[in-house]
Amino acid sequence: MSDAVKAKVALVTGGSRGIGRAIALELASRGYLVGVNYRSSQKEAEDLVRSIRDAGGTAQAYGGDVSDPAQVASLCGAMEKELGPISILVNNAGITRDAPLVRMKDEMWDQVLRTNLNSLFYCIRHVVRSMAKQRWGRIINLSSVVGIMGNPGQANYSAAKAGVLGLTKSVAREYAPRGITVNAVAPGFILTDMTSVLSESIREEYLKNVPLGFPGTPEDVAKTVAFLASEDAKYITGQVLHVDGGMVM
Ligand code: NAP
């Protein structure tokens with residue numbers, strides 16, 4: 001572990017499965033103290049924490065629905081007490097509730113916006129003060145290629161993921177003078193539970209638009225996030241890094 005990452009505390013929202021799990025593993029392997037947030041998959045979160053500890057790392061699971069500001073305050077508070085001030089925030093938790101626009105219910109729209117966009121506001125608002133006090137912080141937000149290109153059947157999801165980009169750039173400008181960098185990562189087609197529900201024909205359709213011709217892995221995204229969290233990325237802020245096999249260029 002280098003001095004630069006010694007004792008840095010990282011919160012990964014939705015860290016129990018998929019991309020978040022890979023991010024938690026990657027950060028822990030680089031010596032960060034990792035808080036693994038989950039909403040309902042407690043067992044997966046605890047198994048992950050155990051495997052990080054078995055490998056010599058430090059991690060702790062924190063349950064809480066990040067779309068609820070009171071739960072964000074309480075899980076962040078518990079984490080700060082146990083691990084120390086959060087200096088790296090990875091806003092990864094996300095859901096899909098897809099439907100053609102005319103069949104999209106208010107609640108599908110609200111759930112996706114609350115989970116994929118409002119939650120970032122709640123988490124950032126909570127951690128940014130102590131980051132500013134430390135004059136060092138990293139905020140990394142998971143967006144999506146869909147937030148840039150749009151996607152039929154995902155008006156709610158693409159609106160939220162496009163919102164993530166605006167939020168990222170505004171907070172990056174607002175907190176640059178305090179030594180905090182804020183960036184977004186926009187994955188393309190990554191193999192996780194979220195994409196496992198897609199039919200074979202939709203997957204083939206997606207892959208036709210991937211110049212590299214194959215889907216990405218959660219680890220591909222995790223390594224990009226770990227780079228943005230590192231000192232190597234100290235001069236990068238307000239950017240969107242695409243991890244998508246060339247889908248958007
Ligand atoms: P996933 O496999 O479905 O995992 C989602 C994670 O988010 C789970 O750990 C889940 O925890 C957590 N979560 C969901 N709602 C939550 C809430 N309200 N509070 C706390 N945790 C919550 O998804 P993924 O594919 O890894 O996606 C991770 C991120 O990357 C998302 O933001 C997604 O939009 C984005 N992304 C994914 C892809 C892709 O191809 N997979 C592409 C572009 C962007 P529980 O199980 O406990 O609910």
Any non-hydrogen side-chain atom of [X] less than 4.5 Å from a side-chain atom of [Y]?
X: L120; Y: V171; answer: no
X: M249; Y: P211; answer: yes
X: T181; Y: Q239; answer: no
X: L142; Y: V90; answer: yes
X: S119; Y: T13; answer: no
X: Y206; Y: N151; answer: yes
X: M131; Y: L89; answer: yes
X: L241; Y: I236; answer: no

Who passes side-chain hydrogen bond (donor to acceptor under 3.5 Å, both in side chains) against Y38, sequence neighbours left out?
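Here no residue qualifies.
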Kindly write out the residues that satisfy side-chain hydrogen bond (donor to acceptor under 3.5 Å, both in side chains) with D232, not counting sequence neighbours, or none if the list is empty.
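In terms of side-chain hydrogen bond (donor to acceptor under 3.5 Å, both in side chains), with neighbours along the sequence ignored, D232 is linked to no residue.
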Going by the rule salt bridge (Lys or Arg N to Asp or Glu O under 4.0 Å), which residues pair with K208 if we only count those two or more places apart in sequence or in a different chain?
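If we apply the salt bridge (Lys or Arg N to Asp or Glu O under 4.0 Å) test to K208, skipping adjacent residues, the hits are E205.
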Using only atom types and a distance under 3.5 Å, with no angle test, would you say the side chain of N183 pairs donor to acceptor with the backbone of L228?
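No.
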Spell out, as yes or no, whether a donor-acceptor pair under 3.5 Å connects the side chain of R138 to the backbone of S230.
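Yes, the answer is positive, given that a donor and an acceptor are paired below the 3.5 Å cut-off.
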Test: ring pair (Phe, Tyr, Trp, His ring centres under 6.0 Å). Region: residues 209-228. Which pairs qualify, not counting sequence neighbours?
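Residue pairs passing ring pair (Phe, Tyr, Trp, His ring centres under 6.0 Å), neighbours aside: none found.
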T217 vs D220, side-chain hydrogen bond (donor to acceptor under 3.5 Å, both in side chains): CA-CA, chis, key distance, verdict
CA-CA 5 Å; T217 65; D220 292 326; 3.1 Å; yes
Picking from L27, V36, V225, what satisfies side-chain contact (heavy atoms from CB on, under 4.5 Å) with V12?
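With V12 as partner, L27, V36, V225 yield a single side-chain contact (heavy atoms from CB on, under 4.5 Å), made by L27.
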Which atom names give the shortest non-hydrogen contact between S87 and Q134, and what distance separates them?
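S87 and Q134 have their closest heavy atoms at CB-OE1, 3.5 Å.
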Pi-cation contact, Y122 with R125 (under 6.0 Å, within 45°)
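R125 over Y122 ring: no.
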May I ask you to check whether over 12 heavy atoms, not counting those of R178, lie within 6.0 Å of atom CZ?
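Result for CZ/R178: open.
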Count the heavy atoms belonging to other residues, nucleotides or ligands that lie under 6.0 Å from CZ of R129, then report whether that count exceeds 12.
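No, not enclosed.
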Output every pair passing side-chain hydrogen bond (donor to acceptor under 3.5 Å, both in side chains) with a member in residues 88-111, not counting sequence neighbours, ordered by first then second residue.
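Applying side-chain hydrogen bond (donor to acceptor under 3.5 Å, both in side chains) to every pair that reaches into residues 88-111, excluding sequence neighbours, yields N91-N141, R97-Q111, D98-Q154.
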Name every donor-acceptor pair, under 3.5 Å, that has one atom in a side chain of residues 189-198 and the other anywhere in the protein, sequence neighbours excluded.
| from | atom 1 | to | atom 2 | distance (Å) |
| --- | --- | --- | --- | --- |
| T192 | OG1 | M194 | N | 3.1 |
| D193 | OD2 | R17 | NH1 | 2.7 |
| T195 | OG1 | I190 | O | 2.6 |
| T195 | OG1 | T192 | N | 3.1 |
| T195 | OG1 | T192 | O | 3.1 |
| S196 | OG | D193 | O | 2.8 |

Testing Q42, R50, K43 for side-chain hydrogen bond (donor to acceptor under 3.5 Å, both in side chains) with E46, which one passes?
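One option only clears the test, and that one is Q42.
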